Number of protein chains: 2
Amino acid sequence: MSKATEKAYSLIRENILSGTFAPGAHLKEGELVDLCGVSRTPVRDALRQLATDRYVVTRRNQGVFVNEWTVDDINDIFELRAILESMVAERAATHISEGQVQELGKIHQAIQAMLDENGPLLVDFFLEQNKRFHAILLEATRSRALADSLSQIVQPPLIAQTARQYSRQELQNSNDHHRDIVAALEARDGALAASVMKIHIISAQRKFMNSYVASEATEAAE
Amino acid sequence: MSKATEKAYSLIRENILSGTFAPGAHLKEGELVDLCGVSRTPVRDALRQLATDRYVVTRRNQGVFVNEWTVDDINDIFELRAILESMVAERAATHISEGQVQELGKIHQAIQAMLDENGPLLVDFFLEQNKRFHAILLEATRSRALADSLSQIVQPPLIAQTARQYSRQELQNSNDHHRDIVAALEARDGALAASVMKIHIISAQRKFMNSYVASEATEAAE
DNA sequence: TTCAACAATATTGTATACATTAAAGACCGA
DNA sequence: TCGGTCTTTAATGTATACAATATTGTTGAA
């Protein structure tokens, strides 16, 4: 992606993640041009990219709309992710380097340090470290197909929404999973790593669905 | 996709599938404009779409290049496909309608009729029916996430290349798998359907890799 | 002869004007 | 008042001109 396109992509994406552009909203190219300060061509390029990243959907001759996820969609995504990330963990166990294992350990420790501080919960820090953790595992599999699939499946907005509702204890549980995964990888135990990863993702799913149905109920009552 | 974009997409895609645009080749927008008879804008849109469909890769300020698949990439794809299509079969067993099961049966019979005729092998017909078979199963799962993932993974050029090297006996084996899958779905036996599907995909993988390494060896000898 | 710097060229990136299409509203008739 | 058709308008789709960038080739000196 080139400069102008990237600028448009980031700005539009942020507005979607922050909720300024609500699910289902019609994103008009003209308005986006005003927002981003670039011409329609890079705006259109950005929208195409956002479509492949599933932030928006395109309807011919009608434009692009912010993607709307149903409960079933979200459950599907988590279920698939559990399977794919398990594969990642399993394959990583056979291919991962010593250096990569150490990197994973450092990420676990960094999050743990934050949790031990008893200061404010830095969710953005957690999200970043968590993302890097999974990225290193993915890299260790050396599988383009897995990387492509997961990049398609993993929905940053959903992960962010999940993490922001984590309590300190839940963040601790999540990081404990990370610790167990690192241990399994050190022992080159792919099956164990896969099992822990599966639990890791399914825990996130349960947390997300609990808070999701709760918020839906609140909205309905309003 | 709109008219001009679709025209460009189809033409470029055909040239890639036929080998006119070889793997690694640099596709220049100017030449594609001449080829397709549309302006650069829809050509660029088509290229972006071809990039999301993994036919080409884009390098910033350098343009797009026909994607090159390594043996490892292809093995990864088949392995992932085996897992995802198994999921599809399993989930389809619980959600599929009577009508859809009958449709699947008809597809099996149509291919069988062709095989029984002892006439020429109509590979294009087989490919089309096969594609529909898998599409119906996917539809029956009612899972957007699965559909998205598989559309990302399934590489039409690889499937076509595999099928074109199938002997009559191998086509028969493939269609026997279809028959077994239909039977499993009729019995609403998701586990069985998943197992057969896994064998179905892995058989394709073995066939592809055999002919692939053979052709590689031929090229090396030339 | 080789390497580096520079110039020329070709290609991609961006902006914008024009064409086409779909949605919204006004008008007319029943 | 309702329904439908036509007009209007606003959006997307397309073409093309211009700008920025990367590649290639050339020239010069070491």
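The sequence lines fix the lettering, A, B, ..., with proteins before strands; numbering per chain opens at 1. Small disclaimer: the values here were computed from a predicted structure and weren't measured.
- Candidate nucleotides C:dA22, D:dG13, D:dC18 were compared by shortest atom distance to the side chain of A:E29, and D:dG13 ranks first.
- Heavy-atom nearest nucleotides on DNA chain D were determined for A:T58 and for A:K3, and the one closer to the 5' end corresponds to A:T58.
- Between A:S39 and C:dA15 there is a side-chain N or O to OP1 or OP2 distance below 4.0 Å.
- When every heavy atom of A:L84 is checked against every heavy atom of B:L80, the shortest pair comes out as CD2-CD2, 3.4 Å.
- Under 4.0 angstrom from either OP1 or OP2 of C:dT14 there lies at least one side-chain N or O belonging to A:T5.
- Counting any heavy atom pair closer than 4.0 Å across all strands shown, A:L27 reaches sugar-phosphate atoms only and no base atom.
- Between B:Q62 and D:dT23, a side-chain N or O to OP1/OP2 separation shorter than 4.0 Å is present.
- The separation between A:F65 atom CZ and D:dA11 atom P is 12 Å, rounded to whole Å.
- Here D:dA11 presents its C1' atom at 14 Å from CG of A:D34, a figure rounded to the nearest Å.
- In this structure, B:D45 places its CG atom 10 Å from C1' of D:dT14, rounding to the nearest Å.
- Rounded to whole Å, the distance from CG on B:L32 to C1' on D:dA15 is 16 Å.
- The listed nucleotides are D:dT14, D:dA11, C:dG13; the one nearest the side chain of B:S2 is D:dT14.
- Computed from coordinates, the A:M1 CE to C:dT12 C1' distance equals 16 Å when rounded to whole Å.
- If you check D:dG13, C:dT14, C:dA23 against the side chain of A:N61, the one that comes closest is D:dG13.
- Salt bridge present: B:D148 and A:R54 bring a charged side-chain N and a carboxylate O closer than 4.0 Å.
- At whole-Å resolution of the value, CZ in B:R40 and C1' in D:dG13 are 16 Å apart.
- Two residues, A:R60 and A:A4, neighbour DNA chain C, and the one matched to the more 5' nucleotide by heavy-atom proximity is A:A4.
- Ring geometry for B:H177 versus B:H200: interplanar angle over 60°, hence perpendicular rather than tilted (30 to 60°).
- Remark: A:E103 engages A:R132 in a salt bridge, criterion side-chain N to carboxylate O under 4.0 Å.
- Out of D:dA11, C:dT14, D:dT14, the shortest distance to the side chain of A:H26 is found at D:dA11.
- Atom NZ in A:K7 sits about 11 Å away from atom P in C:dT14, given to the nearest Å.
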*asked:* Quick one, A:R144 with B:D76, criterion salt bridge (charged side-chain N to carboxylate O under 4.0 Å, His left out). Give me CA distance, side-chain angles, the key distance, then yes/no.
replied: CA-CA 8 Å; A:R144 234 173 59 164; B:D76 277 350; over 6 Å; no

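- At least one side-chain nitrogen or oxygen of B:R44 sits closer than 4.0 Å to the OP1 or OP2 atom of C:dG13.
- Rounded to whole Å, atom C1' of C:dT14 lies 20 Å from atom OH of A:Y9.
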